**Student:** 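This is the structure I want to talk about, given as structure tokens.
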Amino acid sequence: MTINLNSVKIFVRPGATDLRKAVNGLAVIIEQQMEGKPFSGNVYLFCNRERKLLKAVWWDRNGFWLSQKRLEKDKYPWPDTREAARELSGEELSMLLAGIDFFKAHKELYYKKVS
């Protein structure tokens, strides 16, 4: 099964998550702490304290998918605060998995006038 990352919303839970939890425990976090909807088909991402393990949870018509990736070297760039976390695009998820820290990238500036 492949997921079309351009047709779903991808949400990040900032900070560390106890990834000994399986789908049921992570679905409770999605619902109660992230105020998300586990059955929406959106993808929810979680990372452990060492930032070497990432889990993704999403609902697919009749059941949950739980995917995990463990890095053998290096760490995932991961936001610590709710303010730093945000909805990701498919492209940003690809960058995250490649180790690119776009969370600390320059923010776009908006000005109303020059003088």
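A quick note: this is a predicted structure, and the numbers were derived from the prediction, not measured.
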**Student:** Which atoms form the tightest heavy-atom contact between A27 and P38, and what is the distance?
**Tutor:** O-CG, 3.7 Å
**Student:** Which distance, rounded to the nearest 0.5 Å, do you find between the CD1 of I30 and the CZ of F39?
**Tutor:** 9.5 Å
**Student:** Distance-only, no hydrogens or angles: does the K9 side chain make a donor-acceptor pair with backbone N or O of V43 under 3.5 Å?
**Tutor:** no
**Student:** If we ignore hydrogens and angles and just use 3.5 Å, is the side chain of N48 paired with the main-chain N or O of R51 as donor and acceptor?
**Tutor:** yes
**Student:** How many angstroms lie between atom CG of L54 and atom CG of L71, to the nearest 0.5 angstrom?
**Tutor:** 8.0 Å
**Student:** Going from CZ on F102 to OG on S94, what distance comes out if it is rounded to the nearest 0.5 angstrom?
**Tutor:** 10.0 Å
**Student:** Do E31 side-chain atoms and V28 backbone N/O form a donor-acceptor pair below 3.5 Å?
**Tutor:** no
**Student:** Does V8 belong to the same Ile/Leu/Val/Met/Phe/Trp/Tyr cluster as V23, with side-chain heavy atoms less than 4.5 Å apart forming each link?
**Tutor:** no
**Student:** Look up atom CZ in R70 and atom CD in E50, then write down how far apart they are to the nearest 0.5 Å.
**Tutor:** 12.0 Å
**Student:** Treating Y44 as the side-chain partner and K37 as the backbone partner, does any N or O pair qualify as donor plus acceptor under 3.5 Å?
**Tutor:** yes
**Student:** Which heavy atom in Q33 sits nearest to a heavy atom in R82, and how many Å separate them?
**Tutor:** O-NH2, 3.2 Å
**Student:** Are L96 and D101 close enough that some pair of their side-chain heavy atoms sits under 4.5 Å apart?
**Tutor:** no
**Student:** Please report the closest heavy-atom contact between K69 and L97, naming both atoms and the distance.
**Tutor:** NZ-O, 4.1 Å
**Student:** Could you walk me through whether Q68 and L53 pass the side chain to side chain contact (heavy atoms under 4.5 Å, CB included) test, one step at a time?
**Tutor:** CA-CA 7 Å; Q68 137 180 335; L53 184 65; 3.6 Å; yes
**Student:** Which heavy-atom pair separates P14 from T81 by the least distance, and what is that distance?
**Tutor:** CB-O, 3.4 Å
**Student:** Where is the tightest heavy-atom contact between E92 and L88, given as atom of each residue plus distance?
**Tutor:** OE1-CA, 3.3 Å
**Student:** Are the side chains of V12 and P79 in contact, using a 4.5 Å heavy-atom criterion?
**Tutor:** yes
**Student:** Would you say F64 and M34 are hydrophobically clustered, going by side-chain heavy atoms of ILVMFWY under 4.5 Å?
**Tutor:** yes
**Student:** Does W58 reach the side chain of S67, with side-chain heavy atoms less than 4.5 Å apart?
**Tutor:** yes
**Student:** Taking K21's backbone N and O only, do any of them form a donor-acceptor pair with K55's side chain (distance below 3.5 Å, no angle check)?
**Tutor:** yes
**Student:** Would you call E72 and K52 a salt bridge, taking side-chain N to carboxylate O under 4.0 Å as the test?
**Tutor:** no
**Student:** Would you compute the distance between atom CD1 of I29 and atom CG of N24 and round it to the nearest 0.5 angstrom?
**Tutor:** 11.5 Å
**Student:** For R49, does the CZ atom sit with more than 12 other heavy atoms under 6.0 Å from it, leaving out its own atoms?
**Tutor:** no
**Student:** Any chance you could lay out the side chain to side chain contact (heavy atoms under 4.5 Å, CB included) test for V57 and L45, step after step, and finish with the verdict?
**Tutor:** CA-CA 7 Å; V57 174; L45 300 174; over 6 Å; no
**Student:** Keeping S40 on the side-chain end and N42 on the backbone end, is there a donor-acceptor pair under 3.5 Å?
**Tutor:** yes
**Student:** Nearest 0.5 Å please: distance from the CZ atom of F46 over to the CH2 atom of W78.
**Tutor:** 8.5 Å
